[in-house]
There are 2 protein chains.
Amino acid sequence: MIDDISRFRRLARAVTTQTGALDTSFLGLGRPLGSARVLNAIGHGKEDVGELRVYLGLDSGLMSRLLRGLEAEGMVETAPAPKDARRRIAKLTEAGQAAFAQYEALSDQSAEAVLGRYKQSEALLAAADLIATVLGRDRIEIIEADPEDPRVEHCVQAYYDEISEIFGVFFDPQVSGDPEAGSLRAPNGTFLLALSDGLPIGCVAVKRQAEGLGEVKRMWVAPAARGLGLAKQLMNAIETHAQRLGLTTLQLDTNGKLTAALHLYRTDGWVEIERYNDNPYAEHFFEKQLG
Amino acid sequence: MIDDISRFRRLARAVTTQTGALDTSFLGLGRPLGSARVLNAIGHGKEDVGELRVYLGLDSGLMSRLLRGLEAEGMVETAPAPKDARRRIAKLTEAGQAAFAQYEALSDQSAEAVLGRYKQSEALLAAADLIATVLGRDRIEIIEADPEDPRVEHCVQAYYDEISEIFGVFFDPQVSGDPEAGSLRAPNGTFLLALSDGLPIGCVAVKRQAEGLGEVKRMWVAPAARGLGLAKQLMNAIETHAQRLGLTTLQLDTNGKLTAALHLYRTDGWVEIERYNDNPYAEHFFEKQLG
DNA sequence: TAAGATGTCTGACTTAAGTCAGCTATATGA
DNA sequence: TCATATAGCTGACTTAAGTCAGACATCTTA
């Protein structure tokens with residue numbers, strides 16, 4: 001009755017009821033659900049026909065017909081892909097974008113209706129982030145991003161907020177942007193961002209300090225994504241990128257209060273070394289040889 | 001990009017992807033989704049054909065045909081309702097129950113797969129409860145239940161755990177059951193239980209103290225259901241039931257630490273009165289005239 | 001008890017969704 | 001450059017899903 005699995009299945013029912021209602025309302029716009037799904041997927045940036053097919057799980061014949069229908073309606077235009085003329089790229093026309101905007105507005109309304117009627121919506125959103133991230137853990141992507149990308153800035157801001165909180169000191173997030181931004185992009189470094197269905201949930205950066213020597217910085221995982229092994233994934237990814245930048249040794253500093261981080265470094269091939277900088281908040285220093 | 005509505009919509013996508021996968025796996029059992037839905041709804045206790053139709057949102061013709069199909073398969077038997085021979089009641093046969101059990105096993109497996117791969121599953125479950133309850137707020141039902149119903153006991157246990165926590169004292173939940181159980185059922189009182197899609201999320205009881213005088217007890221709302229106005233709904237419901245029991249005045253005691261409760265009573269027609277018992281944890285005493 | 005309402009069923013549809021074999025154009029690699 | 005693989009398209013299907021009008025039995029109420 002009140003066992004864990006029932007509790008969790010209840011979530012699926014609740015969301016499905018809600019989303020089912022949305023699907024039905026999608027029909028109100030007069031287009032069958034199949035075409036509506038295709039139109040929305042294109043609107044969300046899935047433009048390659050093959051990718052669309054996989055994403056929507058459709059047969060190639062059906063896909064083709066649905067696209068043909070949307071073309072006849074004037075919602076979509078397709079053209080061969082420049083690099084491979086067998087593949088086709090679908091794009092929304094202006095009318096298509098307008099239709100897509102209508103669907104988006106419907107979805108937003110339904111989300112807003114729930115959020116607006118609940119007072120502690122930050123708690124609700126945190127719960128939503130957690131569940132969406134756990135469910136989507138197999139679809140987390142780690143991408144290279146510019147330090148001035150707003151999604152990176154969101155993570156860096158959260159990172160500074162958090163260490164300010166932990167150390168009871170105010171770390172200036174340099175509202176004008178990360179002062180080290182320049183050294184955190186190629187060829188002197190790189191910034192990696194973890195995305196779960198578009199939401200930034202973690203980051204890590206590396207910065208070249210000397211010939212062959214790099215320092216790992218800005219390691220952060222969103223609260224909703226902790227416990228999924230994302231930190232380890234990020235570290236693996238940054239090591240790979242560091243090697244590509246020609247780095248052979250990595251260093252990093254951290255603080256004893258960050259126990260999860262300490263544990264990760266100690267079990268992931270890092271060796272504790274002597275203090276190598278004068279960062280007053282750093283207590284532990286690590287090094288790892290790559291390759 | 002990271003606005004509240006996108007964050008919330010992301011949840012719907014994540015759960016739909018997950019549940020969509022389940023729907024597809026339902027097809028693996030060789031029955032079209034429509035019949036599978038009907039079979040599952042019957043298995044979950046929706047036996048009245050009319051209720052089934054509303055619940056699944058189907059046309060009466062389609063409903064009838066799907067039932068006929070399941071009957072032909074030997075999964076379902078229908079019979080006229082005893083009280084109204086126009087209505088029909090559908091029941092699973094033994095074969096039907098076996099098929100239903102297969103679907104349940106599939107659903108459990110998929111929930112278990114997610115839960116099992118996440119360490120802090122209590123956090124995940126709490127988040128799931130919160131979201132499911134908020135989404136299902138319009139479908140919360142308040143029912144009369146026996147004080148020894150396991151769902152009531154679950155709430156009472158949680159109630160005692162919580163006040164033990166708040167007052168730093170151990171309140172004995174009387175493992176053998178609520179000692180006042182007898183006085184919390186008709187004709188001397190009643191116990192109300194709030195259910196959200198089957199999950200108990202709150203309770204309240206009333207107990208006759210004298211001719212026309214009742215006392216409200218065991219008022220509790222689950223953490224996941226706070227902020228939805230459920231306490232007020234429960235109070236309204238218990239007042240109605242108290243009137244039916246012939247009570248004209250209600251009393252209750254509470255503690256200053258329970259600020260939300262205090263605020264509710266003060267704004268819901270209750271008048272603060274003198275201490276009327278020797279409960280050492282009670283600091284405030286209220287009374288309300290009914291009718 | 002007759003008139004109207006209700007709940008379900010059936011037949012005759014329409015539409016959407018999905019499948020499959022075979023076609024064409026393009027790319028790839030020995 | 002020729003065989004083979006790949007991506008998408010088309011025609012000819014099947015199946016599922018949904019709609020609608022009317023039939024019938026049963027209940028309700030004036």
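Each chain gets a letter, A, B and so on, in the order its sequence line appears, and its residues count up from 1.
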TODO: Output the single nucleotide from dA27(C), dC9(D), dG8(D) whose closest atom is nearest the side chain of Arg68(A).
DONE: dC9(D)
Open item on the list: Using every non-hydrogen atom in the two residues, find where Leu193(A) and Cys203(A) come nearest and quote the distance to one decimal.
Closed with: CD1-CB, 4.3 Å
Task: Minimum heavy-atom distance between Ala132(A) and Ala14(B), given as atom pair plus value - done: CA-CB, 3.7 Å
TODO: State, to 0.1 Å, how close Gly74(B) and Thr93(B) come at their nearest heavy-atom pair, and which atoms those are.
DONE: O-OG1, 2.7 Å
Kindly give the atom pairs (protein nitrogen or oxygen, nucleotide nitrogen or oxygen) under 3.5 Å for nucleotides 4-6 of chain C.
residue	atom	partner	partner atom	Å
dT6(C)	O4'	Arg86(B)	NH1	3.3
dT6(C)	O2	Arg86(B)	NH1	3.1

- [ ] Using a cut-off of strictly less than 4.0 Å between a heavy atom of the residue and any atom of DNA chain C, enumerate the qualifying residues of residues 32-43 of chain A by number.
- [x] Pro32(A), Leu33(A), Gly34(A)
Task: Note, Phe191(A) side chain near Asp146(A) side chain (heavy atom, < 4.5 Å) - done: no
Open item on the list: Counting only heavy atoms and a strict 4.0 angstrom limit, can you tell me which residues of residues 74-82 of chain A come near DNA chain D?
Closed with: none
Open item on the list: Please give me the minimum heavy-atom distance between Val114(A) and Phe8(B), naming the atom from each residue.
Closed with: CG1-CZ, 3.8 Å
- [ ] Would you mind reading off the distance between Glu51(A) atom CD and dT6(D) atom P, rounded to a whole angstrom?
- [x] 19 Å
Task: Side chain proximity check, Arg88(A) to Leu67(A), heavy atoms < 4.5 angstrom - done: no
Task: Separation of atom CG in Leu27(A) from atom C1' in dT15(C), rounded to whole Å - done: 12 Å
- [ ] Can you tell me which residue pairs pass the salt bridge (charged side-chain N to carboxylate O under 4.0 Å, His left out) test with a partner in residues 187-202 of chain B, sequence neighbours excluded?
- [x] Arg13(A)-Asp197(B)
Task: Distance in angstrom units between Ile89(A) CD1 and dC9(D) P, rounded - done: 12 Å
Task: Strand-adjacent residues in residues 57-66 of chain B, judged by heavy atoms under 4.0 Å from DNA chain C - done: Ser60(B), Gly61(B), Ser64(B), Arg65(B)
Task: Thr190(B) vs Ile238(B) side-chain heavy atoms within contact, under 4.5 Å - done: yes
- [ ] Calculate the interatomic distance between Glu47(A) atom CD and dA7(D) atom P; express it in whole Å.
- [x] 18 Å
Open item on the list: Could you work out, with ring pair (Phe, Tyr, Trp, His ring centres under 6.0 Å) as the rule, every residue matching Phe100(B), not counting sequence neighbours?
Closed with: His44(B)
Open item on the list: Would you say that Ile89(A) contacts Val49(A) through its side chain, given a criterion of any heavy-atom pair below 4.5 Å between the two side chains?
Closed with: no
Task: Rounded distance (Å) that lies between atom P of dT10(D) and atom CD of Glu71(A) - done: 9 Å
Task: Between dA17(D) (P) and Arg31(B) (CZ): distance, integer Å - done: 12 Å
Task: Trace of the salt bridge (charged side-chain N to carboxylate O under 4.0 Å, His left out) decision for Arg87(A) with Glu51(A) - done: CA-CA 10 Å; Arg87(A) 312 182 75 93; Glu51(A) 197 189 344; over 6 Å; no
Task: Beyond-backbone contact of Val76(B) with Leu92(B), side-chain heavy atoms, under 4.5 angstrom - done: yes
TODO: State, yes or no, whether a side-chain contact exists between Glu71(B) and Arg68(B) at a heavy-atom distance under 4.5 Å.
DONE: yes
TODO: Can you tell me the distance, in whole Å, between the CZ atom of Arg53(B) and the C1' atom of dG18(D)?
DONE: 14 Å
